[in-house]
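Everything on this sheet refers to the single structure shown next.
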Amino acid sequence: MQYIILDLEWNAAYSRRRQGFINEIIEFGAVKVDGHLQVIDTFSALVRPQVGKKISGKIRTLTNITNEELANGLQFMTNEELVGGTPFMQVMSRFRRWAGQAVVLTWGTSDILTLIENSLYFSGSEKIPFLQRYMDLQAYCQYRMGETGGQQMGLSTAAEKL
């Protein structure tokens, strides 16, 4: 069994087509581990923005990604292979091939919902081919720690408790 821990970064961008905002994905980061949680591979890609051209100050501070990196120095890396930057759908295609049949894990559901939103926006489909098996680590950790209250536990809180 293989697992992928996925973390996405996005920037709120105004879409004229939608006449509203979209959380446009600007970075994919993932680690593939085996059943013993040993790292098999990593995936990292900055995504060329197609809707918003500027990153908000808040997102720039949070991610340390600059407008210049997204415009000029985009990178895609897996297994030490470096390729020039690409639009969202091409990164999705590469990620799908890289992910294979692994179970996808995220902290909370916002990454998955944003992934579906971007897929719908750019391809017209909500179907995520590599998302056959998925698990919300936040809900799982809260359950296993006996934290059944209505408030979601942050990752740093969970790490401190563990």
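On a predicted model such as this, the values are computed, not experimentally measured, just so you know.
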- For the side-chain hydrogen bond (donor to acceptor under 3.5 Å, both in side chains) test, which of Gln152, Gln142, Lys161 pairs with Glu147?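 With Glu147 as partner, side-chain hydrogen bond (donor to acceptor under 3.5 Å, both in side chains) holds for just one option, Lys161.
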- For Thr106, which of Leu6, Leu8, Ile5, Leu113 qualifies under side chain to side chain contact (heavy atoms under 4.5 Å, CB included)?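 It is Leu6; the other options fail the test.
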Value rounded to 0.5 Å, distance of [atom1] in [X] from [atom2] in [Y]:
X: Ile22; Y: Thr114; atom1: CD1; atom2: OG1; value: 9.0 Å
X: Phe122; Y: Gln50; atom1: CZ; atom2: CD; value: 4.5 Å
X: Arg94; Y: Phe43; atom1: CZ; atom2: CZ; value: 8.0 Å
X: Ile4; Y: Ile40; atom1: CD1; atom2: CD1; value: 9.0 Å

- Query: In this structure, are over 12 heavy atoms from other groups packed under 6.0 Å from Tyr14 atom OH?
  - Reply: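 Enclosed: over 12 neighbouring heavy atoms sit under 6.0 Å from OH of Tyr14.
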Would [X] and [Y] show up in the same hydrophobic cluster when neighbours are defined by side-chain heavy atoms closer than 4.5 Å?
X: Met89; Y: Ile116; value: yes
X: Phe21; Y: Leu120; value: no
X: Leu137; Y: Leu131; value: no
X: Leu115; Y: Leu105; value: no

Between [X] and [Y], is there a donor-acceptor pair closer than 3.5 Å when you use the side chain of the first and the backbone of the second?
X: Gln138; Y: Met153; result: yes
X: Gln2; Y: Lys32; result: no
X: Asn118; Y: Ile25; result: yes
X: Glu24; Y: Val51; result: yes
X: Arg144; Y: Ala139; result: no

If I compare all heavy atoms of [X] with all of [Y], which pair ends up nearest, and what's the gap?
X: Glu117; Y: Asn23; value: OE1-N, 3.4 Å
X: Gly108; Y: Asp136; value: N-OD1, 2.9 Å
X: Cys141; Y: Trp107; value: SG-CZ3, 3.8 Å
X: Ser15; Y: Tyr121; value: OG-OH, 2.8 Å
X: Glu9; Y: Asp7; value: OE2-OD2, 3.3 Å
X: Lys127; Y: Ser119; value: O-OG, 3.8 Å

- Hey, are Trp98 and Asp41 close enough side-chain-wise for a donor-acceptor pair under 3.5 Å?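 The criterion, which ignores hydrogens and geometry beyond distance, is satisfied for Trp98 and Asp41.
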- Message: Between Val103 and Met1, is the side-chain contact (heavy atoms from CB on, under 4.5 Å) condition met? List the steps.
- Response: CA-CA 8 Å; Val103 177; Met1 180 72 66; 3.7 Å; yes
- Query: Within 45° of the ring axis of Tyr3 and under 6.0 Å from its six-membered ring centre, is that where the NZ or CZ of Arg133 lies?
  - Reply: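 Not flagged: Arg133 not positioned over aromatic ring of Tyr3.
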- Task: Please step through side-chain contact (heavy atoms from CB on, under 4.5 Å) for the pair Phe130 and Val104, ending with a clear verdict.
- Result: CA-CA 8 Å; Phe130 57 83; Val104 176; 4.2 Å; yes
- Item | Aromatic plane relationship, Phe28 with Phe95 - under 30° parallel, 30 to 60° tilted, over 60° perpendicular |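 The rings of Phe95 and Phe28 sit tilted, inter-plane angle from 30° to 60°.
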- Task: Walk me through it: do Ser93 and Phe88 pass the test side-chain contact (heavy atoms from CB on, under 4.5 Å)?
- Result: CA-CA 9 Å; Ser93 178; Phe88 173 78; over 6 Å; no
- Does the side-chain contact (heavy atoms from CB on, under 4.5 Å) test come out yes or no for Tyr134 and Thr109, once each step is laid out? CA-CA 10 Å; Tyr134 162 73; Thr109 58; 4.0 Å; yes
